[in-house]
Number of protein chains: 2
Amino acid sequence: MSSCDTCVVRNRAICSGLDNREIEALNQIGRRRQVTAGEPLIWEDDDSLLVANVIEGVLKLTTSTEDGREQIVGVAYPSDFIGRPFGQTSSASVVALTDARVCVFSRNDFDRFAREHPELEHKLLERTLAELDRTRSWMMLLGRKNASEKIATFLLEMSDRLAETGCTPAFGPAKRFSLPFSRQQVADVLGLTIETVSRQFTKLKNEGVIELPSRREVEIVNRGALVALAG
Amino acid sequence: MSSCDTCVVRNRAICSGLDNREIEALNQIGRRRQVTAGEPLIWEDDDSLLVANVIEGVLKLTTSTEDGREQIVGVAYPSDFIGRPFGQTSSASVVALTDARVCVFSRNDFDRFAREHPELEHKLLERTLAELDRTRSWMMLLGRKNASEKIATFLLEMSDRLAETGCTPAFGPAKRFSLPFSRQQVADVLGLTIETVSRQFTKLKNEGVIELPSRREVEIVNRGALVALAG
DNA sequence: CATCCGCGTTGACGGATGTCAAAAACACAA
DNA sequence: TTGTGTTTTTGACATCCGTCAACGCGGATG
């Protein structure tokens with residue numbers, strides 16, 4: 001039996017739209033892989049050797065400077081596609097933020113399969129276009145927003161993105177959620193320092209906009225205020 | 001005769017790879033359009049009604065906040081594809097920086113044509129993936145680089161990008177070039193203010209790294225220094 | 001040639017955010 | 001529980017860059 005049959009992202013990932021025979025063929029070239037939190041899957045500037053679908057968990061895409069500064073350039077959730085098909089090198093590292101399960105393919109195998117299956121390429125194109133849109137709106141945040149706008153925007157985005165994943169069946173944005181990021185990682189997403197992130201969090205807490213039940217937990221108390229702050 | 005026959009980007013744009021019959025069909029649904037410097041082609045958040053290939057000239061892709069802050073999120077050169085296929089709204093405005101000629105399609109027509117021509121979709125996918133890579137490396141710049149690193153990186157990128165376009169048949173990066181940007185637009189690319197951009201330019205001039213023969217002209221005198229500064 | 005106007009430059013200043021350091025909170029193991 | 005190491009918070013301070021304002025340059029126009 002193909003493991004795709006029981007795949008929880010079967011109908012959301014780029015594999016959706018393939019018929020049973022095609023799924024079977026794709027299954028032949030892919031394999032499941034477990035990645036534990038903190039473990040890297042792809043290295044920046046390495047030969048692009050593998051691509052993958054995220055089944056479960058959250059991963060970060062990062063680029064770094066030589067002197068060690070890091071910028072998180074993307075976050076991959078279940079059903080997202082990661083890696084760089086049709087290219088020699090990947091421009092970002094991929095590291096698991098939580099324990100994760102992915103469905104990996106060698107890039108060569110995947111490229112070949114994709115070229116033979118236009119429907120799959122189309123799905124991948126739609127996904128890539130959507131990711132480009134998201135990335136561009138994040139450029140606005142990085143280039144033109146101040147720290148409090150960044151934090152507000154970030155919390156709202158988290159509340160949207162994590163709602164889809166969580167058990168609550170996507171009834172609008174999540175009011176309370178668990179961040180898959182440490183403070184340092186939040187800083188790396190927003191182009192800030194960990195201290196600034198921390199100060200902005202406590203400021204929002206003191207103003208009664210959010211609650212912070214634990215390090216990773218966030219509860220949005222006053223969503224309207226966040227929206228106003230996000231600008 | 002199809003106007004594609006004489007198109008200067010025929011072999012670089014996504015149309016390359018189509019046979020004569022297909023080119024003829026594509027030509028049926030597209031039309032040439034002249035855009036003068038400063039003229040908008042697509043509005044942010046508008047219904048995505050048209051897409052286009054750039055034939056000649058340079059255009060900017062921008063997003064703005066309600067209070068008027070602007071961030072340039074992409075720059076389109078000849079043979080680049082602009083607009084948002086397969087989506088309801090476009091996430092960025094497109095405005096010509098120089099006089100430009102583009103080959104426009106209604107989004108609906110283009111979407112339909114693309115879905116029937118996997119080779120075209122593949123070209124578009126490769127282009128979109130490359131653009132996503134570029135955009136992500138720009139996020140690093142916006143989030144983690146300081147003003148002088150930003151300016152140095154920008155000048156090097158310009159020198160590369162404009163070399164391909166210029167008459168000089170792409171013998172490495174251009175040593176001297178004419179910026180398609182005003183100082184304000186450079187600021188909008190880099191997430192800085194016009195004053196900071198101006199100060200950094202004169203600083204580099206005083207250090208003998210560049211020459212500024214006129215407002216728009218730049219000559220790179222000491223490329224090594226720029227590379228070192230870019231980080 | 002004189003005037004105007006947009007764009008770019010320069011200067012003075014302040015504030016937001018980064019840096020450095022220490023304390024506090026938390027996680028985990030013994 | 002206690003101890004140990006990590007993460008987060010908080011504070012003091014420095015600095016880069018933004019803001020505001022004046023000025024200069026160059027091109028267009030009459």
Side-chain angles (χ1 to χ4, degrees), chain A residues 36-38 60 65 67-72 97-99 140-155 178-207 210-218 229 231, chain B residues 36-38 60 65 67-71 97-98 140-155 178-207 210-218 229 231:
Chain A
T36 57
K60 64 171 181 176
T65 53
D67 60 340
R69 284 172 286 179
E70 180 167 317
Q71 177 67 46
I72 294 182
L97 291 174
T98 65
D99 288 349
M140 171 79 232
L141 173 142
L142 289 172
R144 292 302 187 198
K145 290 190 176 177
N146 62 29
S148 84
E149 291 171 321
K150 283 180 177 179
I151 294 285
T153 308
F154 170 78
L155 289 174
S178 179
L179 287 176
F181 301 105
S182 70
R183 291 288 185 271
Q184 180 59 60
Q185 285 158 353
V186 175
D188 291 339
V189 171
L190 299 176
L192 297 170
T193 58
I194 183 173
E195 294 93 334
T196 301
V197 170
S198 178
R199 277 186 255 266
Q200 293 291 334
F201 269 59
T202 54
K203 181 160 153 279
L204 288 176
K205 190 179 70 178
N206 292 337
E207 294 168 351
I210 60 172
E211 282 298 321
L212 299 170
S214 76
R215 289 186 163 182
R216 296 289 184 118
E217 298 282 319
V218 178
L229 282 171
Chain B
T36 56
K60 64 172 180 175
T65 53
D67 60 340
R69 282 172 286 178
E70 181 168 317
Q71 175 68 45
L97 291 175
T98 65
M140 171 78 233
L141 173 142
L142 289 172
R144 291 299 186 201
K145 290 190 177 179
N146 63 29
S148 84
E149 291 171 321
K150 283 180 177 178
I151 294 284
T153 308
F154 170 79
L155 289 174
S178 179
L179 288 176
F181 302 105
S182 70
R183 290 288 185 272
Q184 180 59 61
Q185 285 158 354
V186 176
D188 290 339
V189 171
L190 299 177
L192 296 170
T193 60
I194 183 174
E195 294 94 334
T196 300
V197 171
S198 178
R199 277 186 258 265
Q200 293 292 333
F201 270 59
T202 53
K203 180 160 154 280
L204 289 176
K205 189 179 69 178
N206 293 337
E207 293 168 351
I210 60 172
E211 282 298 319
L212 299 170
S214 77
R215 290 186 165 184
R216 297 288 184 120
E217 298 282 322
V218 179
L229 282 172

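Here is how names work: the chains are called A, B, and so on, in the same order as the sequence lines, proteins then strands, and each is numbered from 1. As a basis for the values below, the full set of heavy atoms in this structure was taken, side chains included, without hydrogen atoms, waters or symmetry mates. Because the structure is a prediction, the values reported are computed rather than measured.
The interatomic distance linking A:E70 (CD) with C:dG18 (P) rounds to 16 Å, in whole Å. Note: CG (A:L192) to P (C:dT19) measures 11 Å, nearest angstrom. Rounded to whole Å, the distance from NZ on A:K203 to P on D:dT10 is 14 Å. In this structure, the CG atom of A:L229 is 16 Å from the C1' atom of C:dA16, given to the nearest Å. Going from atom CD1 of B:I194 over to atom P of D:dC20 covers 15 Å, rounded to whole Å. Rounding to whole angstrom units, CG of residue B:N146 and C1' of C:dT19 are separated by 14 Å. Distance B:I151 CD1 to C:dG8 C1': 14 Å, rounded to the nearest Å. In this structure, the CZ atom of A:F201 is 10 Å from the P atom of D:dT8, given to the nearest Å.
For B:R183, a side-chain nitrogen or oxygen approaches OP1 or OP2 of C:dT9 to under 4.0 Å. For A:T202 and D:dT10, the shortest distance from a side-chain N or O to OP1 or OP2 is below 4.0 Å. For C:dG18, one of the phosphate oxygens OP1 or OP2 lies less than 4.0 angstrom from a side-chain nitrogen or oxygen of A:T196.
With DNA chain C read from its 5' end, the first of the two nearest nucleotides for A:R215 and A:T193 is the one closest to A:T193. Residues B:K145 and A:V197 both approach DNA chain D. Their nearest nucleotides, taken by heavy-atom distance, put A:V197 toward the 5′ side.
Residue A:S182 is classed as a sugar-phosphate contact, given heavy-atom separations below 4.0 Å to backbone atoms only.
The structure places CG of A:L192 at 13.0 Å from CZ of A:R183, a figure rounded to the nearest 0.5 Å.
Here the nucleotide nearest the side chain of A:R199, chosen from C:dA12, D:dG11, D:dC17, is D:dG11.
Under a 3.5 Å cut-off, the side chain of B:D188 and the backbone N or O of B:Q71 do not form any donor-acceptor pair. Under the 3.5 Å distance criterion, the side-chain polar atoms of A:Q185 are matched with a main-chain donor or acceptor of A:S182. A:E149 contributes a side-chain N or O that, together with a main-chain N or O of A:N146, makes up a donor-acceptor pair within less than 3.5 Å.
Judged purely by distance below 3.5 Å, without hydrogens or angles, the side chains of A:K145 and A:T153 pair a donor atom with an acceptor atom.
In the interface, the side chain of B:E195 is paired with the base of D:dC20 through a donor and an acceptor atom under 3.5 Å apart.
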